[in-house]
Novice: 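This is the structure, below, for whatever I ask next.
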Amino acid sequence: MLPSQTYVNISFFQPHAFLMIGIPGHEAVHGWISIPFSSMYTVALTGNCLILLAVRKTPSLHQPMYYFLSMLALTDVGLTLSTLPTTLAVLWFGHRLIGFNACLVQMFFLHSFSVVESSVLLAMSFDRFVAISNPLRYATVLTNNVIIRIGMAIVARAVLSLFPVPFLLKRLNFCPNKILLSHSFCFHPDVMRRACADITINIIYGLYVVLSTGGIDSLLIILSYILILHTILGLASPRERIRAFNTCVSHILAVFVFFIPGITMSMIHRFGRHLSPIAHALVAYVYLVVPPVLNPIIYSVKSKPIREAMFRMLKRKGQD
């Protein structure tokens, strides 16, 4: 039973806590379901941390492409840690309560890391465009100072975009009987629909954030690959074309892995309310858990320098 909370204005209500849910309708087997989730979280954290260590410890990887890959790996670690505590608490221990303010904090970090990941993928597409279209100027265009500025701009963009969201939610009057969330974490569209108030401003601002970050980023990534494709087709040798395209394969896969579930999740929350709760839950988990798992696998398989550096790190740890 949730503790009650008293306010001076009794017509205004904010819940002391929300109730989270794991896989709807499968609460009896949450213990078994936690096994693949624990495995995926372990793979995500281990793989991304290995990439970070490999780039840091290998001088030959101190290049713009691998610095951006490190940003992606660090973002995936943050995204994983945003949902791991509450998801495993629900699946392992049946601990479903999350405080109202804690929910807003988790939501801020979860969405901020999503915006950062979108921005990093855009920066990586710019990196590939410069490397393929103007390889002689690659090192002079993407200097360490430029990369640091890009990283700072990415973080500032995410923070500034998401900073108003918790305050827009705190002004809402919530329904005492609508405290059950649809996920094992706090997701903005889910939380705002628990309010018994006009949420038009929240909807508009949420749509603005999605379009001004992921929407613009996806269009610019498509544009960059149109230009990259034009450059590749202009190469004289078929062998050079294949080699140039192969440098983009990992990034293209990472873009698909991130944006397709993200777009699907946004569409479901806006137009798929008739779908079953388990469909909402599964799409959300695919969006938030799968990209951090697959990105290290994609880059370790497709990038020989990364793969070799990661093997050296593992071999060194085994010898210690």
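Just so it is clear, the model here is predicted, and its values are computed rather than measured.
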Novice: With a 4.5 Å heavy-atom cut-off, do Leu19 and Leu97 have their side chains touching?
Specialist: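 In contact.
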Novice: If we check side chain to side chain contact (heavy atoms under 4.5 Å, CB included) with Val115, which of these qualifies: Leu160, Asp217, Leu162, Val159?
Specialist: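 Exactly one option meets the side chain to side chain contact (heavy atoms under 4.5 Å, CB included) with Val115, and it is Leu162.
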Novice: Would you say Pro305 and Leu61 make side-chain contact, with heavy atoms under 4.5 Å?
Specialist: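 The answer is yes, as the side chains (C-beta and beyond) meet within the 4.5 Å cut-off.
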Novice: Side chains of Tyr225 and His230: any donor to acceptor distance under 3.5 Å?
Specialist: no
Novice: Taking side chain to side chain contact (heavy atoms under 4.5 Å, CB included) as the test, write out the residues that go with Lys170, two or more places apart.
Specialist: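 Lys170 satisfies side chain to side chain contact (heavy atoms under 4.5 Å, CB included) with Gln14, Phe100, Asn101, Leu104 once adjacent residues are dropped.
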Novice: Between Phe18 and Val191, does a side-chain contact (heavy atoms from CB on, under 4.5 Å) hold up when you go through it step by step?
Specialist: CA-CA 9 Å; Phe18 287 110; Val191 175; 4.2 Å; yes
Novice: Which atom pair, heavy atoms only, marks the closest approach of Ser250 to Tyr299?
Specialist: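 In this case the closest contact between Ser250 and Tyr299 is CB-CE2, 3.5 Å.
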Novice: Starting from Val257, can I reach Ile297 by hopping between I/L/V/M/F/W/Y residues whose side chains sit under 4.5 Å apart?
Specialist: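 Per the 4.5 Å side-chain linkage, Ile297 and Val257 are co-clustered.
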Novice: Any non-hydrogen side-chain atom of Leu211 less than 4.5 Å from a side-chain atom of Ile216?
Specialist: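 Answer no - side chains too far apart.
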Novice: Can any side-chain N or O of Ser303 pair as donor or acceptor with the backbone N or O of Ser300 at less than 3.5 Å?
Specialist: no
Novice: Does the pair Ile252 and Phe245 meet the rule for a side-chain contact (heavy atoms from CB on, under 4.5 Å), with working shown?
Specialist: CA-CA 10 Å; Ile252 292 171; Phe245 181 75; 4.2 Å; yes
Novice: Looking at every non-hydrogen atom in both residues, tell me the closest pair between Ala254 and Ile298 and how far apart they are.
Specialist: N-CD1, 4.3 Å
Novice: What pair of heavy atoms forms the shortest contact from Glu117 to Leu72, and how long is it?
Specialist: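 Residues Glu117 and Leu72, closest heavy atoms: OE2-CD1, 3.7 Å.
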Novice: Are Asp127 and Tyr67 close enough that a side-chain donor and a side-chain acceptor fall under 3.5 Å?
Specialist: no
Novice: Can you see whether Thr87 engages Tyr285 through a side-chain donor-acceptor pair at a distance of less than 3.5 angstrom?
Specialist: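 No.
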Novice: Hey, is the main chain of Arg128 close enough, under 3.5 Å, to the side chain of His251 for a donor-acceptor pair?
Specialist: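 Side chain of His251 to backbone of Arg128: no pair is present.
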Novice: Counting only N and O atoms by type, is there a donor-acceptor contact under 3.5 Å from the side chain of Arg96 to the main-chain atoms of Ile21?
Specialist: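 Such a contact is absent between Arg96 side chain and Ile21 backbone.
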Novice: Any donor-acceptor pair under 3.5 Å linking the side-chain atoms of Arg194 with those of Asn177?
Specialist: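 Short answer, no.
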Novice: Within the distance-only criterion (no hydrogens, no angle test), does the side chain of His111 pair as donor or acceptor with the backbone N or O of His188 below 3.5 angstrom?
Specialist: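 Indeed, once roles are kept as given, a pair shorter than 3.5 Å links the two residues.
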Novice: Quick check for you: to the nearest 0.5 Å, what is the distance between Leu288 atom CG and Ser114 atom OG?
Specialist: 5.5 Å
Novice: If the plane angle is over 60° it's perpendicular, under 30° parallel, otherwise tilted; pick one for Tyr287 and Phe258.
Specialist: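 Ring orientation of Tyr287 relative to Phe258: tilted.
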Novice: On a heavy-atom basis, which atom in Pro176 and which in Ile179 lie closest, and how many Å separate them?
Specialist: O-CG2, 3.8 Å
Novice: Could you give me the CA-CA distance, side-chain angles and deciding distance for Phe163 and Ser112, then say whether side-chain contact (heavy atoms from CB on, under 4.5 Å) is met?
Specialist: CA-CA 9 Å; Phe163 186 76; Ser112 294; over 6 Å; no
Novice: Are Arg157 and Ser119 close enough that a side-chain donor and a side-chain acceptor fall under 3.5 Å?
Specialist: yes
Novice: For Thr143 and Ile147: C-alpha separation, side-chain torsions, deciding distance, then whether side-chain contact (heavy atoms from CB on, under 4.5 Å) applies.
Specialist: CA-CA 6 Å; Thr143 62; Ile147 293 171; over 6 Å; no
Novice: I'd like to check Thr200 versus Ile203 (side-chain heavy atoms, cut-off strictly below 4.5 Å). Are they in contact?
Specialist: no
Novice: Counting distance only, does the side-chain N/O of Asn173 pair as donor-acceptor with the main-chain N or O of Ala197 below 3.5 Å?
Specialist: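 Between the backbone of Ala197 and the side chain of Asn173 there is no qualifying donor-acceptor contact (under 3.5 Å).
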Novice: Between Ile98 and Gln106, what is the shortest heavy-atom contact and its length?
Specialist: CD1-OE1, 3.7 Å
Novice: For the residue pair Phe187 and Phe185, categorise the inter-ring angle as parallel (less than 30°), tilted (30 to 60°) or perpendicular (more than 60°).
Specialist: perpendicular
Novice: Closest approach of Glu240 and Leu235, non-hydrogen atoms and distance?
Specialist: O-CD1, 3.7 Å
Novice: Determine all donor-acceptor pairs shorter than 3.5 Å in which one atom belongs to a side chain in residues 46-54; sequence neighbours excluded.
Specialist:
| unit_1 | atom_1 | unit_2 | atom_2 | d |
| --- | --- | --- | --- | --- |
| Thr46 | OG1 | Thr42 | O | 2.7 |
| Asn48 | ND2 | Ala44 | O | 2.7 |
| Asn48 | ND2 | Pro292 | O | 3.0 |

Novice: To the nearest 0.5 Å, what is the distance between CD1 (Ile35) and CH2 (Trp92)?
Specialist: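 Separation between the atoms: 10.5 Å.
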Novice: Please check if the side chain of His280 supplies one atom and the backbone of Ser182 the other of a donor-acceptor pair under 3.5 Å.
Specialist: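 No; zero donor-acceptor contacts below 3.5 Å.
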Novice: Distance check, rounded to the nearest 0.5 Å: Ile132 atom CD1 versus Leu229 atom CG?
Specialist: 10.0 Å
